[in-house]
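Inspection log for the structure reproduced underneath, given as structure tokens.
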Number of protein chains: 2
Amino acid sequence: MAERKVTSLDVAAKAGVSQSAVSRVFTPGASVSKKMSEKVRAAADELGYRPNVLARSLITGRSRIIGLVVAYLENQFYPDALERLSNALQEQGYHILIFMASGTGEGVDRVIDELLDYQVDGIITASVGMTDEIAARCDAAGIPVVLFNRGQEDLRLSEVTSDNVAGARKIAEFLVAGGHKRIGHITGWTGSSTGRDREAGFRSGLAEAGVEPAIVLDGHYRRAEAATAARAMVEQAQVDAIFVGNDHMAFAVMDELRVSMGLSVPDDVSIVGYDDVPLAAWASYQLTTLRQPSGRMVEATVSALLERIAAPDTPPRKIAIDGPLIIRSSAHVPEGWA
Amino acid sequence: MAERKVTSLDVAAKAGVSQSAVSRVFTPGASVSKKMSEKVRAAADELGYRPNVLARSLITGRSRIIGLVVAYLENQFYPDALERLSNALQEQGYHILIFMASGTGEGVDRVIDELLDYQVDGIITASVGMTDEIAARCDAAGIPVVLFNRGQEDLRLSEVTSDNVAGARKIAEFLVAGGHKRIGHITGWTGSSTGRDREAGFRSGLAEAGVEPAIVLDGHYRRAEAATAARAMVEQAQVDAIFVGNDHMAFAVMDELRVSMGLSVPDDVSIVGYDDVPLAAWASYQLTTLRQPSGRMVEATVSALLERIAAPDTPPRKIAIDGPLIIRSSAHVPEGWA
DNA sequence: GCTGCTTTTGCACAGGTATGCAAAACGGTG
DNA sequence: CACCGTTTTGCATACCTGTGCAAAAGCAGC
């Protein structure tokens with residue numbers, strides 16, 4: 001009952017030609033006469049033949065598989081990016097082998113090893129870093145890596161982020177112009193480049209206006225910690241505005257302030273996020289936030305990756321894409337900023 | 001500069017043994033002496049050797065890759081399920097090749113063909129159906145398929161859903177007990193089994209209490225259509241409660257009613273959803289909803305799939321898992337239901 | 001029909017691994 | 001040491017395809 005797999009040899013026999021002829025018919029750009037092509041395709045269709053991609057990769061050395069490592073999908077930014085990435089790569093004939101790396105460090109390395117076992121043509125990590133050792137491994141194996149939404153000093157790795165420093169600076173200007181006097185910041189995880197860059201940009205933006213942040217707490221990109229931090233900021237530091245390190249946390253902050261504490265956003269406290277995930281535009285939140293242009297970030301990621309797959313000698317690229325501030329109603333809007 | 005890939009032959013040469021010995025050392029359950037194992041592993045470590053999974057699958061006929069087809073990731077239920085699926089399969093040594101099939105029908109078939117090209121060991125589709133033809137193809141190729149959160153009459157396909165009929169009936173009872181007189185229903189897409197089953201269960205639950213739905217409109221599982229439908233229900237049919245076909249649409253409905261129309265939920269209109277995605281528990285929504293136990297659904301999906309991979313003669317299974325009604329504050333709570 | 005040129009085809013091999021089978025090594029007993 | 005039963009090892013082959021090379025076929029012109 002287990003139907004034997006139909007191979008190119010079966011097709012060749014049926015069509016009365018050689019196996020290599022069959023192979024050529026299914027290899028774009030190979031030399032085949034029209035008559036041969038028709039004969040072979042007819043036989044193939046009849047038998048239901050399709051080339052075995054795995055066997056093909058074994059000989060070409062290209063699997064057309066891209067490994068994707070992602071930490072968690074709770075933050076809507078990542079499923080959104082995943083969907084775009086998958087579509088973009090599918091269009092180029094590549095496919096995504098997906099791995100969850102819940103932890104950082106240890107777990108990630110094991111996961112990347114498994115990816116390499118699958119002979120992937122390239123690796124994308126979403127908001128996940130790599131150890132030096134594993135970066136060296138990928139480099140030695142000739143497999144290009146692109147960090148998506150995460151930076152790392154390593155020169156062997158490409159990276160695509162938004163311009164976090166400039167973006168956060170823009171937010172600082174916006175809040176200062178809004179007349180806020182006591183401004184707090186809930187950082188993303190300070191162990192991540194995005195978290196650090198946004199904090200740095202924000203501080204420098206404030207400093208330019210001669211302002212100090214009233215209070216800065218680490219939110220670790222987690223809802224619960226962000227909510228706790230927000231409460232502390234209001235109760236202990238009397239902030240009138242908070243820049244939250246990403247939208248995902250900002251929603252928790254808004255919930256905590258409005259629902260649990262009975263405050264008004266933005267009348268009592270202005271909230272600004274970072275990412276502009278789809279949720280930010282929902283009527284319940286109307287979050288003012290800095291947009292990470294995920295469409296363009298994905299484009300850049302894909303082209304940086306494919307470029308290095310096609311020409312391995314191309315040096316890795318570090319790309320930072322600028323994004324606009326999307327003004328909604330979670331923060332007081334200064335004159336002339338509408 | 002392109003480092004040659006290190007193969008089992010290289011390791012064999014270095015360790016002074018045969019290639020088959022190396023293979024056996026890396027094949028669990030093969031006959032190898034302790035000394036041999038140590039010698040080979042030492043050489044392998046030194047060279048950085050890891051078995052080529054693709055070459056292995058070519059000969060074993062098992063790729064340890066599972067194909068996952070998913071329509072869209074905007075509804076939080078799916079990223080959540082994807083994360084669980086990936087973790088569960090990873091634990092069993094399987095990995096996920098992911099495909100987006102935005103459209104239905106035509107597009108899905110092409111995508112599944114591509115999956116088959118990759119010699120996947122099994123296929124999971126999330127909220128995506130299959131044509132007869134492609135189901136036959138998978139069956140002929142001996143590749144088990146599990147429909148996740150979607151039913152289909154086809155006997156060759158396994159399926160795992162929540163018990164949509166019973167769940168929706170529970171919701172009907174709840175709303176009737178709550179004293180609602182004019183109850184509306186925004187269906188999920190009526191072209192899907194989940195949409196139809198929920199509608200049927202809901203209608204039968206109402207009927208049992210001698211109640212007719214005041215109005216039923218198709219929301220197509222889309223936010224915009226659900227919002228429009230909700231407005232129509234209130235303005236034209238004066239409903240005092242709406243059962244919305246899934247949480248994803250329910251959030252849009254709540255936004256429309258509360259923010260755009262200035263109504264109170266649940267004082268003016270009670271809202272009940274279906275899924276219990278994480279968002280439903282957020283303070284801004286506090287959505288009363290029927291929980292689809294995604295943890296157990298994923299477990300069932302994985303075991304149904306692996307079971308058929310291990311023993312191809314096992315018949316496909318149709319599994320419907322019961323879920324509890326999670327009572328929060330988006331709907332009036334009848335006496336004794338707390 | 002013959003020559004020279006271009007296109008098409010077949011042959012044979014390679015890519016990296018797992019596995020059946022037979023030969024070799026091992027270990028214990030008399 | 002010879003014997004026999006059990007492990008362990010190596011040899012050879014298979015999995016399915018792409019591709020370099022040489023042979024064959026096609027074609028145009030005389």
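Numbers restart at 1 for each chain; the letters A, B, ... are given by sequence-line order, proteins then strands.
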message = For C/dC11, does the base pair up with any side-chain atom of A/Ser20 as donor and acceptor (N or O, under 3.5 Å, distance only)?
response = yes
query = Backbone N or O of B/Glu83 within a donor-acceptor pair of the B/Ser86 side chain at under 3.5 Å?
reply = no
task = Measure from CD on B/Gln19 to C1' on C/dT19 and round the result to the nearest Å.
result = 10 Å
ask   = Cation over ring, A/Arg41 on A/Phe26, under 6.0 Å and within 45°?
value = yes
message = Nearest whole Å is fine: how far is C/dC26 C1' from B/Met36 CE?
response = 14 Å
query = Can you tell me if the side-chain N/O atoms of A/Ser31 get under 4.0 Å from OP1 or OP2 in C/dT8?
reply = yes
task = Using atom CD of B/Gln119 as one end and atom C1' of D/dT17 as the other, report the distance to the nearest whole Å.
result = 11 Å
From CA spacing to verdict: side chain to side chain donor-acceptor pair (under 3.5 Å), B/Arg150, B/Thr125 = CA-CA 8 Å; B/Arg150 174 74 127 236; B/Thr125 75; over 6 Å; no
ask   = If you check every side-chain atom of A/Arg24, which of C/dT8, C/dG10, D/dG18 has the closest atom?
value = C/dG10
query = Which is true for B/Ser23 with a 4.0 Å heavy-atom rule: it touches a base, it touches only sugar-phosphate, or it touches nothing?
reply = base
inquiry  = If the cut-off is 4.0 Å, is B/Ser18 near the phosphate of D/dT9, judged by side-chain N/O to OP1 or OP2?
reply    = no
ask   = Rounded to whole angstroms, how far apart are CZ on B/Phe26 and P on C/dT19?
value = 15 Å
task = Scan side-chain atoms only and decide if A/His95 and A/Gln90 contain a donor-acceptor pair under the 3.5 Å cut-off.
result = no
Side chain A/Thr7 and base D/dC15 donor-acceptor under 3.5 Å = no
ask   = Taking atom C1' of D/dC16 as reference, at what distance in whole Å does atom OH of B/Tyr118 sit?
value = 16 Å
inquiry  = Output the rounded distance in Å from NZ (B/Lys5) to P (C/dA14).
reply    = 19 Å
query = Taking NZ, NE, NH1 and NH2 as the nitrogens, is one of them in B/Arg308 or B/Asp313 under 4.0 Å from a carboxylate oxygen of the other?
reply = no
A/Arg64 CZ to D/dG18 P, straight-line distance once rounded to whole Å = 13 Å
task = Scan side-chain atoms only and decide if B/Ser127 and B/Asn149 contain a donor-acceptor pair under the 3.5 Å cut-off.
result = no
message = Is there a side-chain contact between B/Ser8 and the phosphate of C/dT17, meaning an N or O under 4.0 Å from OP1 or OP2?
response = yes
inquiry  = With a 4.0 Å cut-off on N to O distance, would you call A/Lys14 and A/Glu46 a salt bridge?
reply    = yes
Close residues, residues 49-58 of chain B, relative to DNA chain C [heavy-atom separation under 4.0 Å] = B/Tyr49, B/Arg50, B/Pro51, B/Asn52, B/Ala55, B/Arg56
ask   = B/Val22 near the nucleic acid: base, sugar-phosphate alone, or nothing, with a heavy-atom cut-off under 4.0 Å?
value = nothing
key: Spacing between B/Ile59 atom CD1 and C/dG15 atom C1', to the nearest angstrom   = 13 Å
inquiry  = So for A/Arg62 and D/dG18, does any side-chain atom that can act as donor or acceptor lie under 3.5 Å from a complementary atom in the base?
reply    = no
